[in-house]
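Structure, as structure tokens:
We use all heavy atoms of the structure for the numbers below, so side chains are in, but hydrogens, waters and symmetry mates are not. Residue numbers run from 1 in the order of the sequence given.
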Amino acid sequence: MAPSGSRSVDCWRVLYWIPVLFICVIVAWSYYAYVVQLCIETIENMGEKIVYLLAYHVLFIMFVWSYWQTIFTKSMNPLKEFHLSHSDKELLEHEDRRESQQDILRRIAKDLPIYTRTMSGAVRYCELCLLLKPDRCHHCSACEKCILKMDHHCPWVNNCVGFSNYKFFMLFLAYSLLYCLFVSATDLQYFIQFWTNGLPDTQAKFHIMFLFFAASTFSVSLAFLFAYHCWLVCKNRSTLEAFRAPAFQHGPDKNGFSLGMNKNFRQVFGDEKKYWLLPIFSSLGDGCSFPTCLVNPDPEQPSSPTGHNPSTKSAGESHLFPSKPLRESQSRLINNTRSEGSEDRDKRGTSNPALTIEKET
């Protein structure tokens, strides 16, 4: 017999799917109301009917595809290199002093691409997952694990929105907004006719009138949400970072990861334009390391608060990070800026401010 605790957990997990089920019911009803009651039963002009049905199904397929990808794309977790080894775990457990624990964590973090810290300057460490948090990674209490580039946990998709599915979430918002606007626009004239008793009172009246109200209402809320996330993409921030700026050595900096609007957009949607409108993963990087305007200055961005352009690591230094795919993707983001900033870096001869804390012992 299964323990009562596990049964209660399973019940809660089933309840998490209620918002998703609600959306699915609304979408299924809207399909019936639009296709059957409006296009087939109400619209008499054959040309108008065909055009509406074709355009509707294109939007419907893209909307459902994006929603599916957002729900069932597994959230990415930190790589094994960020997890503490068995010896490091024991060493950390035996240390009672917080300063000594931080020394251990700093020693481990110096070989990892970690530039952010807590507000107090400590290494970001998850005591539940027993790992050093990569930049922009946060622990989700609903998923009970650390999520790479976590944006938020969305109950409407019963999944964490993060590095692995943020592009899908953006496309889901875009296509759902277009879907609702299209339904509202094409349904408007028939809604007015039923409202003014210009058409006979049939079964389709309820579906067409309620369809217009539902689509219009969802359009307003989706427009605000989509516009907000478009702003986040342009600024290269997550929802969590919009509320609390990531902390670097010089302190919190809300623009620390911003590389300019164009590069910020490509970091989410990728370099291949043919994939931008498709819910196919094309984001740049591996989710564990991100270029920053502090480490790699960008001419499109104002100078960093420290007033320095840090030098890059020497070719002789080698770490496990960034991995090859990340180097290639980041080089596409910052290849123009390295050559432009190299002269200033040679003159200044400054060190990387983000690595200063990492090298403290």
Side-chain angles (χ1 to χ4, degrees), residues 13 16 19-20 66-67 69-84 109 112-119 122-173 225-226 228-248 252-259 264-265 267-270 279 281-292 321-323 326 329-330 354:
R13 290 178 178 175
Y16 291 155
V20 177
S66 302
Y67 191 46
Q69 288 286 72
T70 307
I71 295 174
F72 294 105
T73 298
K74 186 177 180 181
S75 300
M76 291 181 62
N77 312 119
L79 301 177
K80 63 179 182 179
E81 284 80 0
F82 290 88
H83 292 259
L84 266 63
L112 297 173
I114 300 176
Y115 300 113
T116 56
R117 294 293 186 264
T118 65
M119 292 298 175
V123 176
R124 299 173 64 242
Y125 173 73
C126 181
E127 297 180 352
L128 299 177
C129 300
L130 301 179
L131 56 82
L132 273 69
K133 295 180 183 179
D135 293 342
R136 318 184 80 175
C137 174
H138 298 275
H139 186 89
C140 176
S141 58
C143 297
E144 298 180 346
K145 56 185 177 182
C146 287
I147 307 297
L148 294 181
K149 195 186 176 183
M150 179 178 172
D151 187 89
H152 68 288
H153 185 90
C154 181
W156 299 107
V157 301
N158 191 29
N159 196 5
C160 254
V161 177
F163 176 77
S164 62
N165 63 350
Y166 188 66
K167 176 192 173 184
F168 305 148
F169 179 73
M170 286 293 298
L171 292 178
F172 160 63
L173 293 180
L225 185 59
F226 179 64
Y228 174 68
H229 278 278
C230 285
W231 178 78
L232 290 178
V233 170
C234 292
K235 296 293 185 179
N236 204 342
R237 300 176 197 168
S238 66
T239 299
L240 294 176
E241 291 167 350
F243 284 96
R244 175 178 289 184
F248 297 86
D253 189 342
K254 61 182 180 180
N255 294 317
F257 293 106
S258 182
L259 304 174
N264 293 342
F265 176 86
Q267 202 171 86
V268 175
F269 288 87
F281 184 82
S282 60
S283 301
L284 302 181
D286 63 356
C288 290
S289 179
F290 300 89
T292 71
F321 296 90
S323 59
L326 181 59
S329 62
Q330 287 191 355

Main-chain N/O of [Y] paired to [X] side chain as donor or acceptor, under 3.5 Å:
X      : Y      : value
Asn264 : Ser258 : no
Asn165 : Cys160 : yes
Asn159 : Ser75  : no
Gln69  : Phe168 : no
Asn236 : Leu259 : no

Next on the checklist: Do Ser238 and Lys149 pair up side chain to side chain, a donor and an acceptor below 3.5 Å, judged on atom types alone?
Outcome noted: no
Approximate separation, where rounding is to 0.5 Å, of [X] [atom1] and [Y] [atom2]:
X      : Y      : atom1 : atom2 : result
Lys74  : Ile147 : NZ    : CD1   : 10.0 Å
Asn77  : Leu131 : CG    : CG    : 9.0 Å
Leu84  : Cys129 : CG    : SG    : 12.0 Å
Leu148 : Asp135 : CG    : CG    : 11.0 Å
Arg124 : His139 : CZ    : NE2   : 12.5 Å
Leu112 : Ser289 : CG    : OG    : 10.0 Å

Item to check | Step-by-step side-chain contact (heavy atoms from CB on, under 4.5 Å) determination, Leu130 to Tyr125 | outcome: CA-CA 7 Å; Leu130 301 179; Tyr125 173 73; 3.3 Å; yes
Heavy atoms only: give me the nearest [X]-[Y] pair and the separation to one decimal.
X      : Y      : answer
Gly287 : Phe163 : N-CZ, 3.4 Å
Val268 : Val233 : CG2-CG1, 4.3 Å
Pro246 : Thr116 : CB-CG2, 4.2 Å
Lys254 : Arg237 : O-NE, 3.2 Å
Trp156 : Val20  : O-CG2, 3.5 Å
Leu232 : Ala242 : CD2-CB, 3.8 Å

Checklist entry - Within a strict 4.5 Å, meaning less than it, do heavy atoms of the Phe257 and Glu241 side chains meet? => result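 Of all side-chain heavy-atom pairs linking Glu241 with Phe257, at least one is under 4.5 Å.
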Item to check | 4.5 Å side-chain heavy-atom contact, Lys133 and Pro78 | outcome: no
Taking only residues two or more places apart in sequence, or in another chain, which ones meet [X] in a ring-ring contact (aromatic ring centres under 6.0 Å, His included)?
X      : result
His229 : His152, Tyr166, Phe169
Phe269 : Phe265
Tyr16  : none

Next on the checklist: A quick test of your reading: do over 12 heavy atoms of other residues, nucleotides or ligands sit less than 6.0 Å from NZ of Lys145?
Outcome noted: yes
Item to check | Pair Thr239-Met150, side-chain contact (heavy atoms from CB on, under 4.5 Å): steps then yes or no | outcome: CA-CA 8 Å; Thr239 299; Met150 179 178 172; over 6 Å; no
Checklist entry - When you look at Tyr115 and Phe290, which way does the side-chain contact (heavy atoms from CB on, under 4.5 Å) test go after all the steps? => result CA-CA 9 Å; Tyr115 300 113; Phe290 300 89; over 6 Å; no
Next on the checklist: Walk me through whether Thr73 and Phe281 qualify under side-chain contact (heavy atoms from CB on, under 4.5 Å).
Outcome noted: CA-CA 10 Å; Thr73 298; Phe281 184 82; over 6 Å; no
